[in-house]
Colleague: 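The structure follows.
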Amino acid sequence: MSKLVRIAKNEIKIALREKLVVSLGVLISALLGIALFAGYLSYKQQERTIIRTQDEKRKEWLGQGDKHPHIAAHYGTFAFKPKTVFSMFDFGLDTFTGTSVYLEAHYQHEFMFRPAQDHSSMIRFGELSGALVLQVLLPLLIIFLAFASFTKERESGTLRLLISQGISFRALAYGKILAYLLMLLVLLTPFLLGVILLSQSGVDSDALLDMGTRLLFLLLLYSSYLFLFISFSVWVSLKSATGRNALLTLLTFWIFFTMLMPKALANMGESFYKLPSMRLFKTQIQHDIDNGLDGNTSRSVRMAQLEKEFLEEYHVDSIQQLPFNFDGVSMQAGEEYGNKIYDHHLQNLRGIFHKQNRLGSIGSLINPYLAIQHLSMGLSGTDIHTSMHFEDEVEEYRRNLVKRMNDDMAQNSKYGEFYEYKAGKSLWEGIADFSYRSPTAIKAISNYKVELASLMIWISTILVLLNQVDQKKKTPL
């Protein structure tokens with residue numbers, strides 16, 4: 001251990017003499033601070049806006065006055081996606097998925113107010129966030145920090161001197177890795193403290209129930225990711241004949257992993273598994289509602305069959321003789337059939353999404369950047385799985401609201417009585433305000449088993465390579 005400490009101290013002294021490395025460290029530290037501060041301001045602004053608007057829409061729903069329940073179902077209300085505290089660190093897909101949706105009978109509306117709509121196409125390359133700096137820019141600092149860790153000593157002749165004193169290549173490698181880890185720890189400590197302190201300000205109103213667990217997972221995953229980059233950079237330097245070769249090799253890997261491969265996989269997913277346009281998606285839903293899933297069961301046929309079933313069940317000759325308003329029952333039946341059609345098409349649409357995302361998951365097996373990117377979004381509550389979970393919760397709320405309105409119409413009004421019957425505030429108050437909580441951290445991370453396996457495979461591989469380091473078997477690149 002004393003050897004490792006001495007090696008680490010010496011490596012830190014050497015690194016601090018490099019002006020480029022120090023300058024990059026200061027720049028990245030500044031970018032982390034700016035990204036965290038900007039993310040926090042954005043988070044608090046959107047949180048305040050969502051809370052204020054949600055309160056306004058709730059008051060509008062409760063204050064809509066006396067009216068027929070089905071008219072109230074079309075009057076509708078809004079549901080808002082709460083911002084998670086960790087979204088200030090990793091924006092994920094929040095920029096693209098929208099923040100609110102209008103809820104009414106018969107229709108599943110699109111999510112509105114997607115921030116990406118106000119940006120240029122350059123938004124696809126990512127916004128400045130703490131996660132982006134850690135995933136993309138910090139590895140670049142590691143490369144400039146470690147690419148000459150062995151080549152410089154080999155070229156100056158000090159490497160042979162160290163080996164002659166009984167210091168093994170393995171001890172040198174781990175000593176250098178320890179040095180770089182300590183330097184990164186010092187560099188990242190202010191940022192980590194900032195994330196912890198700022199995240200505590202949103203605990204009471206946050207959509208995440210297990211923030212401590214998520215924070216711990218994020219720390220472990222990013223520590224593994226950075227350890228992997230440091231170890232790989234040191235190993236490449238050990239195997240390279242010159243510093244130029246080591247730098248070129250590492251930069252090639254960095255460009256391929258963080259820029260070329262992610263974009264290529266995204267383009268491949270869009271090409272292999274094409275998504276229908278929103279217009280076509282809605283047209284197909286309406287077609288099946290009008291004609292039935294089999295194409296031969298129109299709405300009039302379905303309603304006639306429903307009427308026949310109730311007349312036979314209650315042994316009456318006309319729907320006017322039923323002990324409830326058949327209009328409410330038929331409206332709810334139409335609503336449920338529309339929901340069935342929507343679920344069918346939504347399942348097909350999500351199947352395409354899953355196929356596209358599967359390419360990224362498989363790609364993460366050879367690209368740790370993709371693995372940490374997906375895991376980070378999942379734990380921050382800004383990934384596609386959390387977005388779909390929110391959509392499902394909103395749709396369940398909409399269906400319950402509409403059913404409550406139709407049931408009240410069926411139970412408390414007479415057939416043919418529409419504008420004459422009016423419900424009041426007591427019915428509106430019976431609909432609880434929409435609230436949302438994200439899935440647990442364990443559930444969130446369980447969606448990324450391949451990505452977890454990728455990090456473990458990469459770390460295991462680099463540890464094996466480091467432990468097999470031997471002076472006689474070493475072959476420079």
Side-chain angles (χ1 to χ4, degrees), residues 1-29 134 137-189 223-258 368 458-477:
M1 180 59 71
S2 60
K3 285 184 179 180
L4 291 180
V5 173
R6 288 199 302 271
I7 294 170
K9 285 183 178 179
N10 184 63
E11 196 66 28
I12 291 172
K13 290 179 182 179
I14 294 173
L16 292 178
R17 296 194 194 111
E18 297 290 338
K19 293 183 179 180
L20 176 61
V21 171
V22 174
S23 300
L24 281 174
V26 172
L27 176 61
I28 288 178
S29 182
L134 293 181
L137 299 183
L138 195 55
L140 189 60
L141 171 63
I142 292 171
I143 288 173
F144 283 102
L145 191 64
F147 81 93
S149 56
F150 274 96
T151 57
K152 190 173 183 180
E153 291 186 350
R154 182 182 295 111
E155 293 168 352
S156 65
T158 57
L159 181 59
R160 181 175 299 179
L161 179 62
L162 290 171
I163 298 302
S164 67
Q165 294 176 351
I167 301 177
S168 66
F169 279 98
R170 185 187 305 175
L172 279 172
Y174 280 111
K176 294 174 184 293
I177 291 171
L178 176 61
Y180 303 142
L181 285 173
L182 291 173
M183 283 187 279
L184 288 185
L185 178 61
V186 172
L187 178 68
L188 296 178
T189 294
S223 298
S224 301
Y225 177 69
L226 297 178
F227 169 79
L228 174 60
F229 251 97
I230 291 173
S231 301
F232 181 70
S233 298
V234 169
W235 181 80
V236 169
S237 180
L238 174 64
K239 292 293 184 178
S240 298
T242 65
R244 181 179 179 180
N245 288 350
L247 182 60
L248 181 61
T249 300
L250 290 170
L251 288 177
T252 300
F253 274 100
W254 179 78
I255 292 172
F256 177 75
F257 281 160
T258 63
W458 270 93
I459 290 175
S460 299
T461 301
I462 197 64
L463 288 176
V464 169
L465 292 174
L466 289 172
N467 287 327
Q468 288 180 345
V469 166
D470 184 88
Q471 183 179 6
K472 295 181 180 180
K473 296 180 179 180
K474 180 179 67 66
T475 56
L477 292 176

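Predicted, not measured: the structure shown is a model, and the values here were computed from it.
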Colleague: Grab the two heavy atoms, one from A148 and one from S237, that are nearest each other, plus how far apart they are.
Modeller: C-OG, 3.7 Å
Colleague: Which pair of heavy atoms, one from A246 and one from T151, lies closest together, and at what distance?
Modeller: CB-CG2, 4.4 Å
Colleague: Quick check for you: to the nearest 0.5 Å, what is the distance between L4 atom CG and I167 atom CD1?
Modeller: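 The CG atom of L4 sits 10.0 Å away from the CD1 atom of I167.
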Colleague: Side chain to side chain contact (heavy atoms under 4.5 Å, CB included), that's the test. Do V464 and T461 meet it? Break it down for me.
Modeller: CA-CA 5 Å; V464 169; T461 301; 5.8 Å; no
Colleague: Enumerate, atom names and distances included, each donor-acceptor pair closer than 3.5 Å involving a side-chain atom of residues 168-187, sequence neighbours excluded.
Modeller:
| residue | atom | partner | partner atom | Å |
| --- | --- | --- | --- | --- |
| S168 | OG | A171 | N | 3.1 |
| R170 | NH2 | N467 | O | 2.8 |
| Y174 | OH | N467 | OD1 | 3.0 |
| K176 | NZ | E11 | OE1 | 2.7 |
| K176 | NZ | S149 | O | 2.9 |
| K176 | NZ | E153 | OE2 | 3.2 |
| Y180 | OH | E11 | OE2 | 2.6 |

Colleague: Kindly compute the distance separating CG (L228) from OG (S223), expressed to the nearest 0.5 Å.
Modeller: 12.5 Å
Colleague: Only counting residues at least two apart or in another chain, list the ones meeting side-chain hydrogen bond (donor to acceptor under 3.5 Å, both in side chains) with K9.
Modeller: none
Colleague: Got a sec, which residues hit ring-ring contact (aromatic ring centres under 6.0 Å, His included) with F232, two or more places apart in sequence or on another chain?
Modeller: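 For F232 the ring-ring contact (aromatic ring centres under 6.0 Å, His included) partners, ignoring immediate neighbours, are F253.
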Colleague: Holding to side-chain hydrogen bond (donor to acceptor under 3.5 Å, both in side chains), I want the full list of residues that pass it with S23, two or more places apart in sequence or in another chain.
Modeller: none
Colleague: Check whether any side-chain heavy atom of F150 lies under 4.5 Å from a side-chain heavy atom of S240, and answer yes or no.
Modeller: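 The answer is no; the side chains never approach within 4.5 Å.
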Colleague: Within this structure, what is the CG-CH2 distance for the pair L250 and W235, rounded to the nearest 0.5 Å?
Modeller: 10.5 Å
Colleague: Could you give the distance from CG (L27) to CG (L137), rounded to the nearest 0.5 Å?
Modeller: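 L27 atom CG to L137 atom CG measures 8.0 Å (nearest 0.5 Å).
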Colleague: Which value, rounded to the nearest 0.5 Å, describes the distance between L238 atom CG and L465 atom CG?
Modeller: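 So the gap between those two atoms works out to 10.5 Å.
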Colleague: Supply the atom-to-atom distance W458 CH2 to L463 CG, rounded to the nearest 0.5 angstrom.
Modeller: 13.0 Å
Colleague: Please tell me if the side chains of S231 and L466 come closer than 4.5 Å, counting only heavy atoms from C-beta onward.
Modeller: yes
Colleague: List the residues meeting side-chain contact (heavy atoms from CB on, under 4.5 Å) with L251, not counting sequence neighbours, and say none if there are none.
Modeller: L140, I143, L247
Colleague: Test of understanding: with ring-ring contact (aromatic ring centres under 6.0 Å, His included), list the residues that count as partners of Y225, not counting sequence neighbours.
Modeller: F229
Colleague: Mind checking ring-ring contact (aromatic ring centres under 6.0 Å, His included) for W254 and listing every partner two or more places apart, or none if nothing turns up?
Modeller: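 In terms of ring-ring contact (aromatic ring centres under 6.0 Å, His included), with neighbours along the sequence ignored, W254 is linked to no residue.
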Colleague: Determine the minimum heavy-atom distance between L16 and V22, stating which atoms define it.
Modeller: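 The answer is O-CG2, 3.5 Å.
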